[in-house]
A.B. asks: 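Okay, here's the structure, questions in a sec.
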Amino acid sequence: MNEGDHAQAAADLLAAEKSGEQIGLLTKKHPEMGMDDAYAVQNAIYRAKLAEGRKVVGWKIGLTSKAMQYALNIDIPDSGILFDDMVFEHGATVPKGRFIQPRIEAEIAFVMKSEIGGADVTRADVLAATDYVAPSIEILDTRILRVDPASGETRKVYDTISDNAANAGIVLGDKQHAPNAFDLRWVGAITSRNGEVEETGLGAGVLNDPVESVVWLAQRMAQYGQRIEPGQIILSGSFIRPVECPSDSNINADFGPFGQVDISFA
């Protein structure tokens with residue numbers, strides 16, 4: 001892919017987000033597509049959103065569990081960008097038509113108090129730079145078809161990364177904790193839709209330790225001359241499979257003593 005291809009893919013994805021009409025698989029249109037191409041498309045979306053007046057409020061980390069990495073035949077996480085219009089209040093209702101095919105995941109969020117970055121970032125550095133951790137829900141959406149109707153091919157990881165790592169929204173829960181107040185490996189959630197349990201999981205599913213997920217992000221960003229900024233929200237990665245959220249879905253993620261997160265879809 002060349003720069004023109006990256007720009008066109010980004011424009012198509014932005015149009016899909018606005019219209020609610022998904023586009024075809026980028027990896028089918030561009031079989032030569034690789035990781036650098038995917039992040040180039042994501043970066044073009046980032047520049048376009050900034051030009052529209054959006055502000056970056058944080059980052060999401062995906063593909064942190066072995067199950068998801070095996071499913072997509074990849075052995076490293078991916079990342080996406082959180083913008084200010086993606087933030088929903090705990091207990092809010094997402095308006096009908098806001099998303100195309102919304103799903104949710106339960107995650108531990110880190111809210112940063114100081115800048116952090118560099119290739120040598122450590123676990124201790126992340127904990128020192130964290131203001132607080134909180135229960136959270138990530139809302140996923142896909143501006144790209146999950147399956148090509150003609151061939152039956154499914155999305156590849158490069159499609160997902162191009163599509164801002166499938167990110168669409170974030171909901172922070174009702175409690176805030178010092179980063180060392182809990183062993184985050186043992187923080188889990190019971191995630192229910194309309195009162196029925198759909199998924200459960202533990203923080204250890206995220207690279208064995210959600211803190212290490214943030215270490216990975218800081219080190220990856222250093223390769224591109226970027227740093228995590230004070231006040232930014234970092235979604236460390238899901239420890240459950242995505243839960244579908246059709247209309248009239250009421251979602252509760254119960255993290256026990258760690259807190260609760262609720263979001264509904266009109």
Side-chain angles (χ1 to χ4, degrees), residues 13 17 35 38-39 41-43 45-46 49-50 54-65 67-69 72 74 76-88 90 94 98-99 101-112 116-117 126 129-130 132-144 155 157-173 184 189 191 201 203 205-207 209-224 226-229 231-243 245 251 253 261 263:
L13 285 164
E17 183 177 7
M35 188 75 74
Y39 279 112
V41 174
Q42 186 185 116
N43 196 40
I45 291 173
Y46 158 78
K49 285 185 176 284
L50 290 186
R54 299 270 61 87
K55 294 180 180 178
V56 175
V57 297
W59 301 82
K60 63 106 15 137
I61 309 164
L63 301 181
T64 52
S65 72
M68 292 302 294
Q69 290 181 6
L72 290 171
I74 189 170
I76 59 171
D78 69 355
S79 64
I81 307 163
L82 306 177
F83 295 95
D84 53 356
D85 61 342
M86 294 178 173
V87 179
F88 291 85
H90 167 57
V94 177
R98 170 67 188 269
F99 301 122
Q101 291 180 334
R103 299 182 292 169
I104 64 90
E105 294 177 333
E107 310 194 16
I108 296 170
F110 290 68
V111 179
M112 313 309 290
I116 187 171
V126 168
T130 301
Y132 61 88
V133 291
S136 71
I137 283 175
E138 179 183 4
I139 302 173
L140 305 173
D141 199 14
T142 175
R143 280 67 61 168
I144 296 178
R155 286 178 305 166
V157 67
Y158 306 135
D159 294 296
T160 303
I161 291 171
S162 298
D163 193 17
N164 197 26
N167 182 249
I170 173 178
V171 192
L172 291 182
L184 298 179
T191 306
V206 177
L207 298 182
D209 181 352
V211 179
E212 293 295 342
S213 182
V214 184
V215 171
W216 174 86
L217 176 67
Q219 292 177 349
R220 191 201 71 80
M221 290 175 65
Q223 299 173 18
Y224 299 92
Q226 300 170 317
R227 299 176 70 85
I228 297 171
E229 302 292 338
Q232 289 188 335
I233 304 163
I234 310 299
L235 294 180
S236 59
S238 179
F239 45 76
I240 66 167
R241 292 177 299 180
V243 177
C245 296
I251 301 295
V261 198
I263 190 74

A.B. asks: Output yes when a side-chain donor or acceptor of Glu212 lies under 3.5 Å from a complementary backbone atom of Leu207, and no otherwise.
C.D. replies: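 Not at all, since once roles are kept as given, no pair shorter than 3.5 Å links the two residues.
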A.B. asks: Look only at the side chain of Thr130 and the backbone of Tyr132, and say whether a donor-acceptor pair between them is shorter than 3.5 Å.
C.D. replies: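 No, because the side chain of Thr130 does not come within donor-acceptor range (under 3.5 Å) of the backbone of Tyr132.
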A.B. asks: Assess the residue pair Ile61 and Ile234 against the criterion (side chain to side chain contact (heavy atoms under 4.5 Å, CB included)); give the C-alpha distance rounded to whole Å, side-chain angles, the decisive distance to 0.1 Å, and a yes or no.
C.D. replies: CA-CA 8 Å; Ile61 309 164; Ile234 310 299; 3.9 Å; yes
A.B. asks: Among all residues two or more places apart in sequence or in another chain, which pass the side chain to side chain donor-acceptor pair (under 3.5 Å) test with Ser79?
C.D. replies: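 Ser79: side chain to side chain donor-acceptor pair (under 3.5 Å) contacts with Arg220.
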A.B. asks: Mind checking what makes salt bridge (charged side-chain N to carboxylate O under 4.0 Å, His left out) contact with Glu17, not counting sequence neighbours?
C.D. replies: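 With sequence neighbours excluded, Glu17 shows a salt bridge (charged side-chain N to carboxylate O under 4.0 Å, His left out) to Lys49, given in chain and number order.
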A.B. asks: I want to check something: taking the side chain as every heavy atom from C-beta on, are Val87 and Val57 in contact at a cut-off of under 4.5 Å?
C.D. replies: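 Yes, at least one pair of side-chain atoms sits under 4.5 Å.
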A.B. asks: With a 4.5 Å cut-off on side-chain heavy atoms, are Tyr158 and Met35 touching?
C.D. replies: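 Counting from C-beta outward, Met35 and Tyr158 do come under 4.5 Å.
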A.B. asks: Quick check against the 3.5 Å criterion: does Ser213 have a side-chain atom that pairs as donor or acceptor with the backbone of Ser236?
C.D. replies: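 Between the backbone of Ser236 and the side chain of Ser213 there is a qualifying donor-acceptor contact (under 3.5 Å).
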A.B. asks: Can you list the residues that meet the salt bridge (charged side-chain N to carboxylate O under 4.0 Å, His left out) rule with Asp163, with sequence neighbours excluded?
C.D. replies: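 With neighbours one apart ignored, the set is Arg143.
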A.B. asks: The criterion is side chain to side chain donor-acceptor pair (under 3.5 Å); which residues satisfy it with Arg98, sequence neighbours excluded?
C.D. replies: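 Counting only residues at least two positions away or on another chain, Arg98 forms no side chain to side chain donor-acceptor pair (under 3.5 Å).
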A.B. asks: Answer yes or no: is there a side-chain heavy-atom contact under 4.5 Å between Ile170 and Leu235?
C.D. replies: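 In short, these two side chains touch, coming nearer than 4.5 Å.
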A.B. asks: Name all residues meeting the side chain to side chain donor-acceptor pair (under 3.5 Å) criterion together with Asp84; count only those two or more places apart in sequence or in a different chain, and write none if there are none.
C.D. replies: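 Here the qualifying residues are Arg54.
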A.B. asks: Where the side chain of Asp209 meets the backbone of Val211, is there a donor-acceptor pair that is under 3.5 Å apart?
C.D. replies: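 Yes, the answer is positive, given that a donor and an acceptor are paired below the 3.5 Å cut-off.
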A.B. asks: Less than 4.5 Å apart, any side-chain heavy atom of Ser162 and any of Leu13?
C.D. replies: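 Ser162 reaches Leu13 side chain to side chain.
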A.B. asks: Measure from the side-chain N and O atoms of Ser238 to the backbone N and O of Glu105, and report whether any donor-acceptor pair falls under 3.5 Å.
C.D. replies: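 Here the side-chain-to-backbone pair does not exist.
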A.B. asks: Under 4.5 Å between any side-chain heavy atoms of Cys245 and Phe99, yes or no?
C.D. replies: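 No; the side chains remain at least 4.5 Å from each other.
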A.B. asks: Answer yes or no: is there a donor N or O on one side and an acceptor on the other, between the side chain of Asp141 and the main chain of Ala168, under 3.5 Å?
C.D. replies: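 No; judged by distance alone, with no hydrogens or angles, the pair does not exist.
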A.B. asks: Could you state the interatomic distance from CD1 (Ile139) to CD1 (Ile251), rounded to the nearest 0.5 Å?
C.D. replies: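 Separation between the atoms: 9.5 Å.
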A.B. asks: Listed by chain and number, what are the side chain to side chain donor-acceptor pair (under 3.5 Å) partners of Glu138, not counting sequence neighbours?
C.D. replies: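 Residues passing side chain to side chain donor-acceptor pair (under 3.5 Å) with Glu138: Lys60, Asn167.
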